[in-house]
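This report concerns only the one structure given below.
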Amino acid sequence: MSVESIFSKDLTSVRRSGALWGVTVCLALVAAMMAYVNVGRAAPPLREAQNAYGLLVGLIGVLVPIVAIIASYMSITGERASGGIKFLLAFPNTRRDVFVGKLLSRLGVVSAIVLFMFVAATAMTVARYGVFPAGVAVGVLAVTLLYAWTFVALSVACSSAAATRSQAIAATVGSYFVLVILNLTFRFSQVVQLVHDVILGLEPDPHLYAAFDYASPYIAYQKAANLVYPTAMERNVFRFREEARESMPAYLSDEVSLVVFAAWLVIPLALGYLLFQRSDLQ
Amino acid sequence: MATIETHGLTKSFGDVDAVRDLDLTVNEGEVFGFLGPNGAGKSTTINLLLDYIRPTSGSVEVFGMDAQKHPAKIRERVGVLPEGYGFDDPLTGREYLEWAIRTKDADDDPETLLDLVSLTDDAERMAADYSKGMQQRLAFAMSLIDDPDLLILDEPSTGLDPNGIRTMRETVADVAAEGTTVFFSSHHLNEVEAVSDRVGVMNEGELVAVDSIDGLRDSVGGHATLELECATRPTDLGVGSVEGVVEATVDGHTLSITCADPTVKVDAITYVAERTDVVDVLSTTVSLETLFNELTEGGREGEATQEVVQ
């Protein structure tokens, strides 16, 4: 019952604070525009409609983590900084209740935002192409929710470990740069390759480098999307030469993306929880 | 049975011991005033009782339960007015109270509580927009929910006007009369003096005195001072020969007499009145404030020593 007490109070306060409403509307508008500008290469409407979701995945990969971070980074740090936590813990709640209640509330909020964005994009797609590519739409929504949750989990974890707002910002924004921006430009694999080939002087191993890229939820999201795309839409996410593509090891298969998500959902939360349990709240 | 019991409780922040080797027992049903200047370790102790912070060493038990192992069970039976709280959520005063009642699984009536702390007219306003005093009253109302077995109040009079302080004092006396143990901290001696059965004085992380108010007063030694204004210069009266008079000095027409204890005052006045015309009598006793300042070495607030005119 006490998780419920934290959860419902937090949800009310997020809903009323209004800060996320603007973000939600903007995101939905951008998603709808994306679906609209997906101009045809004279493909059949169903294919076009499916492509619209492919384009959406590209957008979401970069934007949804930002939304998840904005929605979650102050979840627990805010209560600590303002002294709200003194009341949460003055009543029969434990630190675990606070942690779980906050996590569930923010997961719910971000899920609702993602869902709203999908409704907007789907409405535009259906209006424009006259078809509803149900398989791709539902599949992309599912992997997008997983992707969004990893960033909510990471942000709540950072928030539970950070005593001040600036620490929480540093931790979450830092994570975003490393996990998303870094993988948009050059990738982990390039650093690993440098160390592996040049510094250590070992035989080149492109699959190993790719495995490091795969550790990023951003890359995992692109790979997970392949799971729900029709074969024609599947993309090769790793930057391989032809010969490396032929003999892909099992650990680089699309299914492994789910393992990557699971790790990002569990490990930061576990660490954040342990730190929060041990910290002095005052 | 002890409601609060700490043994060798120590909490360090870096090199500083905020609380050092504290052995404190608060008995069931008593009103315990926890006194000390700012930074003496009062709030740190309370934060340890509530498991907001963790001890460096030693143990804390509330209702015989370890504060770290059973925080939720303890919180079910405790009402808390914490220090450094914030009403930051966009909730109204009434909603905060309703949330607190629901969380405690209690059946208190929000209206009664709002009325008690005179917030009925402001119940629909956001608690974040309240003045400090109103927030303090709301927090106090929240602490009273579900008739707690132990009421912990950290600097309860902060921000309150005299009216609010009186209401709080009366309410504390009421709940104490019904058997609730009250543990409250303050740096205002008169506040503690008025309602406490026992007081503990903290200074620089250590408990320097624990006693009843009367016990403390006795331990001051009961020194009393008399100032007698006489019609003529009261020289060579030999008041020093009266038993119990420690010192006598003359300044103009005023004779100042220091007595070992208050009972000597009458003898001294009688002695002087038999020998000269006494125009006026001013009698003072050493107050608890003086004792408090002695115990806390003037305190960090440097509150001026003030004697109470009787």
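Lettering of chains follows the sequences in order, A, B, ..., and the numbering in each one begins at 1. These numbers come from the heavy atoms of this one structure, side chains and all, not from hydrogens, waters or symmetry mates.
Surrounding CZ of B:Arg125 are more than 12 heavy atoms belonging to other residues, nucleotides or ligands, all under 6.0 Å away. Under a cut-off of 6.0 angstrom, the local environment of NZ in B:Lys132 is crowded, with over 12 non-hydrogen atoms contributed by other residues, nucleotides or ligands.
Neither the backbone nor the side chain of B:Lys73 comes within less than 4.5 Å of any heavy atom in chain A. Within the 4.5 angstrom heavy-atom criterion, only side-chain atoms of B:Arg102, from C-beta onward, approach chain A. Only the side chain of B:Pro82 comes within less than 4.5 Å of a heavy atom of chain A; its backbone N, CA, C and O stay farther away. Heavy atoms of A:Ser279 lying under 4.5 Å from chain B belong exclusively to its backbone. Contact of B:Glu95 with chain A is made through the side chain alone, with heavy-atom distances under 4.5 Å.
The line from CG of A:Leu89 to CG of B:Asn47 is 11.0 Å long, rounded to the nearest 0.5 Å. The CZ atom of B:Arg54 sits 6.0 Å away from the CD atom of A:Gln277 when rounded to the nearest 0.5 Å. The OG1 atom of B:Thr56 sits 8.0 Å away from the CG atom of A:Asp280 when rounded to the nearest 0.5 Å. The distance from the CG atom of B:Asp105 to the OG atom of A:Ser2 is 10.0 Å, given to the nearest 0.5 Å. Here A:Asp10 contributes atom CG and B:Asp89 contributes atom CG; the two are 7.0 Å apart, rounded to the nearest 0.5 Å.
Looking at A:Lys9 and B:Thr103, their side chains never come closer than 4.5 Å, going by heavy atoms from C-beta outward. Between B:Leu91 and A:Thr12 there is a side-chain heavy-atom pair separated by less than 4.5 Å.
Using cut-offs of 30° and 60° on the angle between ring planes, the pair B:Trp99 and A:Phe91 is perpendicular.
Closest approach of B:Arg75 and A:Thr94 over heavy atoms only: NH1-CA, 3.9 Å. The nearest pair of heavy atoms linking A:Arg16 to B:Pro90 is NH1-O, 2.9 Å. Considering all non-hydrogen atoms of both residues, B:Val80 and A:Ala90 come closest at CB-CB, 3.8 Å. Annotation for B:Ile53 and A:Arg95: closest pair N-NH2, 4.2 Å, computed over non-hydrogen atoms.
Residues of residues 133-150 of chain B that come within less than 4.5 angstrom of chain A, heavy atom to heavy atom, are B:Ala139, B:Met142 in numerical order.
In this structure a side-chain-to-backbone donor-acceptor pair under 3.5 Å is present from A:Lys86 to B:Glu83.
With sequence neighbours excluded, the residues forming a side-chain contact (heavy atoms from CB on, under 4.5 Å) with B:Thr45 are B:Val19, B:Leu22, B:Phe34, B:Met202, listed by chain and number.
The most heavy-atom pairs under 4.5 Å with chain A, out of B:Gly79, B:Ala100, B:Ser43, come from B:Ala100.
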